[in-house]
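The block underneath contains the structure these notes are about, expressed in structure tokens.
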Amino acid sequence: MFHVVSTKHGNTGAVCMATKRTDTGEHAILLGRHWRPSVNQWGWELPRGMGEDGETPCQTAVRELQEETGIVADAAQARIMQYMHADTGVLRDNIAVVHIPVPQDAQCTHQHDWELRYMDWFPLTEICDAVAHDELQDGITLAALMVFNSRQRGGAL
């Protein structure tokens, strides 16, 4: 007998790869410092959330970005880069890695709550260094960053 878990009626979730260009032309990516009770620690993560009934993955990503940061993005510019599964041994649901280019002047405007303490933009090179130094540990964030980096290197962005 196998047991699997599905959330939100199996709606596809989305992880937001919100980017803007730095002065040097490099991508800066938005990360938030989240409290995760399951591991009893703070960690840097990409904004993300579960899909609601009737939403496309791009609509989910844009909604989650606005809910968590206050940044209003154009859903027409959001692009699904890849679908993934967070844990194929237990979780049935899909997660869409969604690239959302935002305006250069985009700023986080929401007051943060107990779960989300701080958000900031980081150049991709700085994020890669953080991964190399074991400073990013969230599996969904690590996987989405790999997708983004692979697409960027392959010229697909």
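Index from 1, following the sequence. Just so it is clear, the model here is predicted, and its values are computed rather than measured.
- A donor-acceptor pair under 3.5 Å links the side-chain atoms of R79 to the main chain of A76, judged by distance alone.
- Contact record, T22 with T24: OG1-OG1, 2.9 Å, taken as the closest heavy-atom pair.
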request  = Please step through side chain to side chain contact (heavy atoms under 4.5 Å, CB included) for the pair R63 and E55, ending with a clear verdict.
outcome  = CA-CA 10 Å; R63 176 182 52 77; E55 278 184 333; 2.6 Å; yes

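- Between W44 and Y118, the ring-plane angle classifies as perpendicular under the 30° and 60° cut-offs.
- Side-chain contact between I95 and T12 is absent, with no heavy atoms from C-beta onward closer than 4.5 Å.
- For the atom pair CG of L31 and CH2 of W121, the computed distance is 9.5 Å after rounding to the nearest 0.5 Å.
- Counting heavy atoms from C-beta outward, M146 and Q82 have side chains that stay 4.5 Å or more apart.
- With rounding to the nearest 0.5 angstrom, the CD atom of E67 is 9.5 Å from the OG1 atom of T60.
- In this structure, C128 SG and H133 NE2 are separated by 12.0 Å, a value rounded to the nearest 0.5 Å.
- The side-chain heavy atoms of T19 and V102, taken from C-beta on, include no pair separated by under 4.5 Å.
- Nearest heavy atoms, A96 versus P57: CB-CB, 3.6 Å.
- In this structure, the side chains of L46 and I140 stay at 4.5 Å or more apart for every pair of heavy atoms.
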ask   = side chain to side chain contact (heavy atoms under 4.5 Å, CB included) between L65 and I100: does it pass, once the steps are laid out?
value = CA-CA 9 Å; L65 183 65; I100 306 172; 4.2 Å; yes

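- D138 places none of its side-chain heavy atoms less than 4.5 Å from the side chain of R36.
- Side-chain atoms of E64 do not come within 3.5 Å of backbone N or O of V15 as any donor-acceptor pair.
- Between R151 atom CZ and M17 atom CE the span is 11.0 Å, to the nearest 0.5 Å.
- In this structure, the separation between CE on M84 and CG on N94 is 10.0 Å, given to the nearest 0.5 Å.
- Put simply, the side chain of Q59 gets close to the backbone of T56: a donor and an acceptor are under 3.5 Å apart.
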inquiry  = With side chain to side chain donor-acceptor pair (under 3.5 Å) as the criterion, how do E45 and T141 come out once you've worked through the C-alpha distance, each side chain's angles and the decisive distance to 0.1 Å?
reply    = CA-CA 6 Å; E45 299 179 10; T141 296; 5.2 Å; no

task = Could you give me the CA-CA distance, side-chain angles and deciding distance for V98 and C16, then say whether side chain to side chain contact (heavy atoms under 4.5 Å, CB included) is met?
result = CA-CA 5 Å; V98 180; C16 309; over 6 Å; no

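- Between L30 and M119 there is a side-chain heavy-atom pair separated by less than 4.5 Å.
- Of the possible donor and acceptor atoms, none in the side chain of K20 sits under 3.5 Å from a partner among the backbone N and O of I29.
- N149 CG to H27 NE2: the interatomic distance, rounded to the nearest 0.5 Å, is 10.0 Å.
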